[in-house]
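Hydrogens, waters and symmetry mates play no part in the numbers below; they use all other heavy atoms, side chains included.
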Amino acid sequence: RTPGDRQASGDRFGDMVRFGEALAAEQEGLWKPHYLDYDHMKNELDRLVAHEADPSTTLPPGWAKSSDDFAKVLDTEIEKVVLFYLERQGQLAAQMG
């Protein structure tokens, strides 16, 4: 199937599952801890959406309870990736010169 076929079929959930699987399959083993934790972010977002739809939904401590909380979790994940890139860039610069 082409991306257009998937979009036309409305199988967005299936596409998201395939995206997560493809992302995990492409990760380099030694760098894995430095990737954005897609599964964690997806779970956070799913629970946040459920909580917003039904505020009586109980969420574990530390889980996002608002879009601001989710933004903080996302910022932390992005910072992890950026710091890794900066570290690698510094290592490569040191090797080159």
Atom [atom1] of [X] and atom [atom2] of [Y]: how far apart are they, to the nearest 0.5 Å?
X: His40; Y: Thr76; atom1: NE2; atom2: OG1; value: 8.5 Å
X: Ser67; Y: Glu52; atom1: OG; atom2: CD; value: 6.0 Å
X: Ile78; Y: Leu83; atom1: CD1; atom2: CG; value: 12.0 Å
X: Leu74; Y: Asp37; atom1: CG; atom2: CG; value: 12.0 Å
X: Gln89; Y: Tyr85; atom1: CD; atom2: OH; value: 11.5 Å
X: Glu44; Y: Glu77; atom1: CD; atom2: CD; value: 9.0 Å

Fill in: Closest approach of Leu36 to Met41 (non-hydrogen atoms, all atoms of both residues)
CD2-CG, 3.9 Å
Worksheet entry | Between Asp68 and Ser66, a side-chain donor and acceptor under 3.5 Å | no
Item to complete: Report whether Val82 and Leu92 are members of the same hydrophobic cluster (ILVMFWY, side-chain heavy atoms less than 4.5 Å apart, transitive linking).
Response: no
Worksheet item: Do the side chain of Lys80 and the main chain of Tyr35 share a donor and acceptor less than 3.5 angstrom apart?
Response: yes
